[in-house]
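Below: the structure, in structure tokens.
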Amino acid sequence: MNPMTNIKNVLKLSERELSGNSKSSWHDQYKDSAWIFIGGLPYDLTEGDVICVFSQYGEIVNINLVRDKATGKSRGFSFICYEDQRSTILAVDNLNGIKILGRTIRVDHCEQYKAPNAEMSKLDEVTAAIRTEGCAPAPVPQNENIVIKKEKEKKKHRKEKKSKKKKKKKSRSSDSSMSD
């Protein structure tokens, strides 16, 4: 089926759901998958670019920007896995049919997608780095959280001391002006 037809069909399904004519959401059949398909991407986008656009609807835990094996260039489509399945609904409803760098993209659910287990030696550098390091920010260890909280408390305490000193100086200056 033509990609533009797919985009229009998904938009029609969403409109029908918003009008209240259906008892259940068409998204319900995809409730067991947190993966989405993105087609029609500009070829010069990287994994980071796709993550920037799609992370506005949830935390992305995996991305597979499909690349040509010989050249390593993007083939114009990608698969993304969100941490929370509800994010897929938001992404499909809000990003399907938008234009990125002049190209209309198609965003749809994936029911049975499994990430490839390719050997790291066959992958390009960017994809290999994302697969090994992940694309989410590294979690802050618990000890660092405690240190950060203590530093904030110290700063707050210093500010309180400074404001008390300023108040004392003001009251002293006003007392000395009254006695004159």
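- The minimum heavy-atom distance linking Y82 with G58 is given by the pair CE2-O, 3.6 Å.
- Between the CD1 atom in I89 and the CG atom in N94 there is a gap of 11.0 Å [rounded to 0.5 Å].
- With sequence neighbours excluded, the residues satisfying side chain to side chain donor-acceptor pair (under 3.5 Å) with R86 are D84.
- In this structure, R103 and L41 approach most closely via the heavy-atom pair NH1-O, 3.3 Å.
- Distance check: L95 CG to Q56 CD gives 5.5 Å after rounding to the nearest 0.5 Å.
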> Which is it for I63 and I51 under the side chain to side chain contact (heavy atoms under 4.5 Å, CB included) test, yes or no, and what are the steps along the way?
Replying inline: CA-CA 8 Å; I63 182 170; I51 289 170; 4.0 Å; yes
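- Taken to the nearest 0.5 Å, the CG atom of D68 stands 9.0 Å off from the NZ atom of K73.
- For G39 against F77, the heavy-atom pair with the smallest separation is CA-CB, 4.0 Å.
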>> For a side chain to side chain contact (heavy atoms under 4.5 Å, CB included) check, start with the C-alpha distance between Q85 and T88, then their side-chain angles and the critical distance, and finish with the verdict.
In response: CA-CA 5 Å; Q85 190 276 334; T88 64; 3.2 Å; yes
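- Applying the side-chain contact (heavy atoms from CB on, under 4.5 Å) test to T46 and every residue at least two apart in sequence or in another chain returns D49.
- No donor-acceptor pair closer than 3.5 Å links the side chain of S78 to the backbone N or O of I38.
- The shortest heavy-atom contact between V61 and E83 is CG1-CB, 3.8 Å.
- Taking the ring centre of Y43 as origin, the terminal cationic atom of R67 falls outside the region bounded by 6.0 Å and 45° from the ring axis.
- Judged by distance alone, the side chain of S87 and the main-chain N or O of Y57 form a donor-acceptor pair under 3.5 Å.
- From E47, atom CD reaches atom CD1 of I60 across 11.5 Å, with rounding to the nearest 0.5 Å.
- Remark: I100 engages P42, L45, V53, I98, I105 in a side-chain contact (heavy atoms from CB on, under 4.5 Å) (not counting sequence neighbours).
- Contacts of F79 classified as ring-ring contact (aromatic ring centres under 6.0 Å, His included), with partners at least two apart in sequence or in another chain: F37, Y113.
- The heavy-atom pair separating K99 from T104 by the smallest distance is CE-OG1, 3.5 Å.
- Of the possible polar contacts, one joining the N96 side chain to the V107 backbone as a donor-acceptor pair under 3.5 Å is found.
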